[in-house]
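In the text below, chain A, chain B and the rest are named by the order of the sequence lines, each starting its count at 1.
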There are 2 protein chains.
Amino acid sequence: MRIGELSRKTGVPVPTIKYYVREGLLPAGELTSRNQASYDETHERRLRLIRALLDVGGMKVAEIADVLAAVDDPERPLHKVLGAAADRMGGTPAGHDDAETAAARTTVAGLISRRGWHAHESNPAADDLARALAALTRLGHGSFAELLETYAEAAEQVAQADLAYVDRRVALEDMVEGVVIGTVLGEAVFSALRRLAHVDASARLYGAEGVPEGDKG
Amino acid sequence: MRIGELSRKTGVPVPTIKYYVREGLLPAGELTSRNQASYDETHERRLRLIRALLDVGGMKVAEIADVLAAVDDPERPLHKVLGAAADRMGGTPAGHDDAETAAARTTVAGLISRRGWHAHESNPAADDLARALAALTRLGHGSFAELLETYAEAAEQVAQADLAYVDRRVALEDMVEGVVIGTVLGEAVFSALRRLAHVDASARLYGAEGVPEGDKG
DNA sequence: GATAGTGGATAGTGCCGGTATCTATTACGG
DNA sequence: CCGTAATAGATACCGGCACTATCCACTATC
């Protein structure tokens, strides 16, 4: 198909498709003449993946380029792709190691070893966690750490379900892509569920309705 | 204290503090003369909260302004603040209701009623969830919905722990702020934990180490 | 052979979170 | 009482990002 049809099928404007190609998110179409290239379903699928990662997953274009490059790497070291997909967070690049962050890092290391997780504390996620805990401490909510075990338990459940899904549901061919999808979109799914559950829990605790009559605007 | 000291204590540059005041995130200091204002610990705390919401929570300045306005509202309708804190997601404003989204919406409504959640399906979180599921469907992962129950279970655990923490740990005075902190920073915490758990789960499944020797760059 | 569509390239747009600069004023140390 | 530093407030500007507009030379198609 030509670029116009690709655009129509996916709802992505033609100039945007060109932009994605320039940025390395999408392979160029195969040239059939100097100003004609043909695109196939792989382009269509990749385009949908890009939009999902952008719109639902909130990833940045450059991050998507990195992750997709890892996906396309024939070597496909699964845990590296997973890392690339997961390490897209952490707005603050490094973060000076103040007292709170150092203490939080210790807490995180303790949690990891206590749960026997096969994850090194140098993992970027551990860093993000430490920074979040440090921020909580600075706000006088250091005891939020009491919830860590509950959180970790739930996170384990979710992660196991994710990986099991990928393992049994996805052909080896698409496994890497499946991991990316599960990691990024799964996060969006869980986030939304958590917010819904919050509404429910607060309704039960404080008697506030999810949406009182006529409060839908 | 004066603005310079506030800046030193929090690490936020003076012009940035002025910017936050302009944007309504931070109340202005009390004027003691035409070019002097005094700030107190409430400003300091608020400033830390703003930075946490920005850096760790990934919220936008305008969103923070909304949420903090709700926090400062003497009426303090708790569930509304929670909503304001939670509804900060969803990059795509509305989203045309295509076939996939409509189907996903039905799935979400089913889930909510099945779990007996006191949350209306018109909730923005339900919308985000539907959009995430629709994106998964478009990518050929409609069966990801099989994980919804597991996800929901975990989300319930986390939400209950969150609210219980707020309920018993926070004076009524600060409860609203506590909800915001728990909602936003709790999400960052859980997200990081989920990524760590992913690393662990994939290590167990596929034998990839969290960080192989000399792979820490 | 007119028209619409295309690949490729460059420049521009709108938003966002600040940062720089400027003025008029005041606090503060000596 | 004077010089310097800091401050409030206002406006202009900046860099990053995700596009979007425009242009050109060319070609598929009617």
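Proximity of B:S33 to the phosphate of C:dT25: no side-chain N or O atom is located under 4.0 Å from OP1 or OP2. At D:dA8, none of the side-chain N or O atoms of B:R34 fall inside 4.0 Å of OP1 or OP2 (strictly under the cut-off).
For B:I3, taking side-chain heavy atoms from C-beta onward, the closest of the listed nucleotides C:dG8, C:dG18, D:dA8 is D:dA8. Relative to the side chain of A:K60, the nucleotides D:dA6, D:dA18, C:dG5 differ in distance, and D:dA18 lies closest. Of the candidates C:dG18, D:dA8, C:dG7, the closest approach to any side-chain atom of B:T16 belongs to C:dG18. Counting only heavy atoms from C-beta on, B:Y19 has its side chain closest to C:dG17 among C:dG17, C:dT10, D:dG9. Between D:dC19, D:dA6, D:dT20, one nucleotide has an atom nearer to the side chain of A:Y20 than all others, and that is D:dC19. Nearest to the side-chain atoms of B:V61 among the listed nucleotides C:dG17, C:dG7, D:dA8 stands C:dG17. Side chain of A:L54, nearest nucleotide from C:dG8, D:dC19, D:dA6: D:dC19. Checking D:dA6, D:dA18, C:dG7 against the side-chain heavy atoms of B:N35 singles out D:dA6 as nearest.
When rounded to the nearest whole Å, the span between CG of A:L6 and P of C:dG7 equals 10 Å. Taking atom CG of A:L26 as the reference point, atom P of D:dA18 lies 16 Å away to the nearest angstrom. Following rounding to the nearest Å, A:E23 (CD) and D:dA18 (P) show an atom-to-atom distance of 9 Å. As a whole-Å value, the separation of B:I17 CD1 from C:dT19 C1' is 14 Å. Atom CG of B:D66 and atom C1' of C:dC16 are 15 Å apart (whole Å). D:dT7 atom C1' lies 13 Å from atom CZ of B:R8, rounded to whole Å. In this structure, the CG atom of A:L31 is 13 Å from the C1' atom of D:dC26, given to the nearest Å. We find that CD of A:E5 is positioned 17 Å from P of D:dA28, with the value rounded to whole Å.
Note: B:F190 and A:F190 have parallel aromatic rings, judged against thresholds of 30 and 60 degrees for the angle between ring planes.
For B:H120 and B:N123, the side-chain atoms include no donor-acceptor pair closer than 3.5 Å. No side-chain donor from either of A:R46 and A:Y39 sits under 3.5 Å from a side-chain acceptor of the other.
The partner of D:dC30, taking Watson-Crick or G-U wobble pairs whose two distances both stay under 3.5 Å, is C:dG1.
Residue-to-nucleotide proximity on DNA chain D shows that, of A:K18 and A:Q36, the 5′-proximal contact is made by A:K18.
The number of heavy-atom neighbours closer than 6.0 Å to CD of B:E23, taken from other residues, nucleotides and ligands shown, is above 12. Around CD of A:E146, the count of heavy atoms belonging to other residues, nucleotides or ligands within 6.0 Å exceeds 12.
Counting non-hydrogen atoms under 4.0 angstrom, B:R22 reaches a base of the nucleic acid.
Salt bridge annotation for A:D128-B:R195: present, with a cationic side-chain nitrogen under 4.0 angstrom from a carboxylate oxygen.
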